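This report refers to the structure that appears directly beneath it.
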Amino acid sequence: MEEPRIKVSGADTEITVTGNAAGLRYLGETLIGLADPEHRNGYHVHLEPGINLQDGSVSLILARDEEL
């Protein structure tokens, strides 16, 4: 199985998320996890360069907000 790779880059008003197939699956599973009923409003996940994002990425926070 290939290693998940995700890169997040941004400029002014645009954010780009790129990844290999395994990375995109990881991101999808993370988003599905945020929707799990056991998680409350405000639950969030931090994705950080060198940890779960490629070096050179911009940090990314995925958050659940039931008021949207």
Side-chain angles (χ1 to χ4, degrees):
M1 176 164 240
E2 79 182 311
E3 178 182 337
R5 292 192 175 101
I6 302 168
K7 184 167 186 177
V8 178
S9 55
D12 296 331
T13 61
E14 185 174 84
I15 300 295
T16 302
V17 177
T18 56
N20 63 5
L24 294 173
R25 280 188 212 94
Y26 172 81
L27 186 58
E29 291 166 1
T30 301
L31 290 169
I32 289 169
L34 282 169
D36 192 300
E38 73 181 37
H39 297 303
R40 296 177 179 230
N41 191 37
Y43 181 80
H44 61 280
V45 175
H46 291 256
L47 301 179
E48 300 291 336
I51 300 173
N52 36 24
L53 296 177
Q54 294 297 113
D55 288 334
S57 291
V58 175
S59 295
L60 180 66
I61 299 172
L62 302 172
R64 182 174 180 149
D65 185 342
E66 294 298 329
E67 295 179 21
L68 290 177

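Bear in mind that the values here come from a model prediction, so they are computed numbers and not experimental data.
A ring pair (Phe, Tyr, Trp, His ring centres under 6.0 Å) check over residues 45-68, counting only residues at least two apart or in different chains, returns the pairs H44-H46. Under the ring pair (Phe, Tyr, Trp, His ring centres under 6.0 Å) criterion, no residue pair touches residues 6-26, with sequence neighbours excluded.
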For residues 53-68, please give each side-chain donor-acceptor pair under 3.5 Å, one per line with the distance, not counting sequence neighbours.
residue : atom : partner : partner atom : Å
D55     : OD1  : G50     : N            : 3.4
S57     : OG   : V8      : N            : 3.2
S57     : OG   : Q54     : O            : 2.8
S59     : OG   : E48     : OE1          : 2.6
R64     : NE   : E66     : OE2          : 2.6
R64     : NH1  : L34     : O            : 2.9
R64     : NH1  : A35     : O            : 3.4
R64     : NH1  : D36     : O            : 2.7
R64     : NH1  : H39     : O            : 3.1
R64     : NH2  : E66     : OE2          : 3.0
D65     : OD1  : E67     : N            : 2.8

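Residues passing the side chain to side chain donor-acceptor pair (under 3.5 Å) test with E2 are N20, sequence neighbours excluded. Scored by the side chain to side chain contact (heavy atoms under 4.5 Å, CB included) test, T18 finds K7, T16 as partners (sequence neighbours excluded).
Looking at every heavy atom in both residues, L47 comes nearest to N52 through CA-OD1, 3.2 Å.
L24 is not connected to I15 by any chain of hydrophobic side-chain contacts under 4.5 Å among Ile, Leu, Val, Met, Phe, Trp and Tyr, and they are in different clusters.
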